[in-house]
Amino acid sequence: MSHFMGLVPIISQIFYFPLLFPNKDMRRFFMFEYTFNMAETLAIAVILLLLGKGIKKRVPILERFFIPAPVIGGTLFSIFMLIGHNTGTFTFNFDSILKDFLMVIFFTTIGFSASFELLKKGGVGVALFLAAATILVIIQDVVGVFLAKAFNLHPYIGLAAGSIPLTGGHGTSGAFGPVLEEAGAAGAFSVAIASATFGLVAGCLIGGPVAKRLLQKYNLKAKTTDEETGNSTIKLESDNPISEGTLFDSVVVIALAMGIGACIPVFSKKLGLVLPGYLGPMVIAAIIRNIADAQKKTLPMKEISIIGSISLSLFLSMALMSMKLWELAALALPLIVILLIQTVIMALFAYHVTFRIMGKDYDAAVLATGHCGFGLGATPNAMANMETFTSVNGFSAKAFFVLPLVGSLFIDFVNASIITFFMNIFK
């Protein structure tokens, strides 16, 4: 108790600091600043990740909307940083080397999932849904850039409220946000993270009404058998148990892809084409995967996926804990307008485009509600939308086959390529 009472004067000084020293220059003189090294930065990221997991278990709404644990912990810490910034009492700096390294690892593992053999085996349904998702990515970026220019903002702010956070989610936001800021779009990282969080919620809210309207308008019924996928299944992971050997093999292929791929952005820069640092490793990883498929060799995809997931969680935690929330203040109104328009576009696209491309039947309606969660949030949101809808109206084997395949294997690769194309257009 005595230890706690000892904290009271410190806490009170933080909140009354601006009143004691109303002059900003005077407050800067008394500001406490500390720079954390790599090991300290990693430790804080792990603590925030664990904190986020604990809060998520205790707050049902966070679980319902699939808000990632590192986003919860990292955002709380960024709010703490906001208090320090606004009161002029403290500021922290973090080592970014490990964060950037984890980002490259994550996107390299995404590259290993881009298998053309699986795309071919997935049939017409997978190709059509990937086409629909690709069209939406382009629309989201075009709309984002157009609206950003209408508000006299940097075009990259439009990308930060386009397919980067919406189709891409927090992982893509964390990767591209700093790149956009380095290119001159101040606040792009905070915009992308905020937009990604908004999308997780909005995607879940609009999915049900869209599918229900389609069900009623076209009098759709669930199929008793799935004619397109039949009884065929695609084996995405090996049944072999994870071992030290398989983990080592996964580290080897990831390291090789990262090392070789690192040369691609350097070479492209000499040609006048700016590529993010992770795109080269991701492309090399995709090449390795397809060579292995052609030679009928198996990569340790389960282990690669686990390494990618861990890297993403730590990367997001590191990225969000240094997020500058105060940069959102000037962008609040334009961001709200852009995101609301993007939400309406998503609903209209799912209703009029996705539904028609996928065949105008019950399966297409289920994919439409899934696309709302997928196009604004993430694959888990899409699965939740479809699960909720089909639990009442009947199962759709085609929808639960097609969407995860596109969401987990192909769309991140396609999205990153399209974003890079737009970045080079508006640089």
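The side-chain contact (heavy atoms from CB on, under 4.5 Å) check on I287 picks up V283, I284, I291, with sequence neighbours excluded. Remark: P155 pairs with V145, K149, F426 by the side-chain contact (heavy atoms from CB on, under 4.5 Å) rule, at least two apart or across chains. Among residues two or more places apart in sequence or in another chain, the side-chain contact (heavy atoms from CB on, under 4.5 Å) test is passed with S96 by K99, D100. With sequence neighbours excluded, the residues satisfying side-chain contact (heavy atoms from CB on, under 4.5 Å) with L98 are M38, L42, F101, L102, M318. A search for side chain to side chain donor-acceptor pair (under 3.5 Å) contacts involving S115 returns D293, not counting sequence neighbours. Listed by chain and number, the residues in a salt bridge (charged side-chain N to carboxylate O under 4.0 Å, His left out) with D361 are K223 (sequence neighbours excluded). Scored by the salt bridge (charged side-chain N to carboxylate O under 4.0 Å, His left out) test, E117 finds K120 as partners (sequence neighbours excluded). Residues passing the side chain to side chain donor-acceptor pair (under 3.5 Å) test with Q342: none are found, sequence neighbours excluded. Residues that satisfy the ring-ring contact (aromatic ring centres under 6.0 Å, His included) test with F400, not counting sequence neighbours, are F395.
For F421, the CZ atom sits in a loose shell: 12 or fewer heavy atoms of surrounding residues, nucleotides or ligands are nearer than 6.0 Å. A 6.0 Å sphere centred on CD1 of I97 holds no more than 12 heavy atoms belonging to other residues, nucleotides or ligands.
Taking the six-membered ring for Trp and the full ring otherwise, the centers of F90 and F92 sit less than 6.0 Å from each other. Aromatic rings of F80 and F77 (six-membered ring for Trp) have centroids within the 6.0 Å cut-off, being under it. Residues F374 and F129 place their aromatic rings such that the two centres sit under 6.0 Å apart.
No donor-acceptor contact under 3.5 angstrom links the side chains of N415 and T167, judged on distance only. Using modelled atom types and a 3.5 Å distance limit, the side chains of S396 and D363 yield a donor-acceptor pair.
For the side chain to side chain donor-acceptor pair (under 3.5 Å) condition, the pairs that include at least one residue of residues 365-387, sequence neighbours left out, are T354-H371. For residues 315-345, every residue pair satisfying the ring pair (Phe, Tyr, Trp, His ring centres under 6.0 Å) rule, not counting sequence neighbours, is listed here: H85-W326. A ring pair (Phe, Tyr, Trp, His ring centres under 6.0 Å) check over residues 172-205, counting only residues at least two apart or in different chains, returns the pairs F176-Y278.
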Between Y34 and F36, is a ring pair (Phe, Tyr, Trp, His ring centres under 6.0 Å) present by the stated rule, with each step listed? CA-CA 6 Å; Y34 186 80; F36 294 96; 4.8 Å; yes
Determine, step by step, whether F355 and Y218 satisfy the ring pair (Phe, Tyr, Trp, His ring centres under 6.0 Å) criterion, reporting the C-alpha distance in whole Å, the side-chain angles of both residues, the deciding distance to 0.1 Å, and the verdict. CA-CA 11 Å; F355 178 67; Y218 295 97; 5.1 Å; yes
Under the criterion side-chain contact (heavy atoms from CB on, under 4.5 Å), I'd like the reasoning laid out for L136 against M346: C-alpha separation, chi angles, the key distance, then a yes or no. CA-CA 8 Å; L136 178 66; M346 177 70 258; 3.5 Å; yes
Is there a side-chain contact (heavy atoms from CB on, under 4.5 Å) between I206 and L376 once you walk through the steps? CA-CA 10 Å; I206 68 171; L376 287 180; 3.7 Å; yes
Trace of the side-chain contact (heavy atoms from CB on, under 4.5 Å) decision for S311 with T109: CA-CA 10 Å; S311 299; T109 62; over 6 Å; no
Under the side-chain contact (heavy atoms from CB on, under 4.5 Å) rule, what do M358 and K398 come out as? Steps first, then yes or no, please. CA-CA 10 Å; M358 299 312 300; K398 178 181 178 180; 4.2 Å; yes
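The shortest side-chain heavy-atom distance between S163 and I419 falls under the 4.5 Å cut-off. Between I193 and M323, the closest side-chain pair of non-hydrogen atoms falls below 4.5 Å. No side-chain heavy atom of I105 sits under 4.5 Å from any side-chain heavy atom of I310. F422 is listed as a side-chain neighbour of V142, based on a closest heavy-atom distance under 4.5 Å. Two residues are said to be in side-chain contact when any heavy atoms from C-beta on lie closer than 4.5 Å; L335 and S195 meet this criterion.
The closest donor-acceptor contact from the side chain of D95 to the backbone of T35 lies at 3.5 Å or more, if one exists at all. Y362 places a side-chain N or O within donor-acceptor distance of the main-chain N or O of G394, the cut-off being under 3.5 Å. Without hydrogens or angle criteria, Y156 side chain to M423 main chain gives a donor-acceptor distance under 3.5 Å. With hydrogens and angles disregarded, a donor-acceptor distance shorter than 3.5 Å links the side chain of N424 to the backbone of T420. No donor-acceptor pair under 3.5 Å is formed between the side chain of Q216 and the backbone N or O of R213.
Across all non-hydrogen atoms, the minimal contact from A365 to A211 is O-CB, 3.8 Å. In this structure, S317 and L49 approach most closely via the heavy-atom pair OG-N, 3.9 Å. Nearest heavy-atom pair, E181 versus S190, reported as atom, atom and distance to 0.1 Å: OE2-N, 4.3 Å.
Interatomic distance, M383 CE to T390 OG1, rounded to the nearest 0.5 Å: 9.0 Å.
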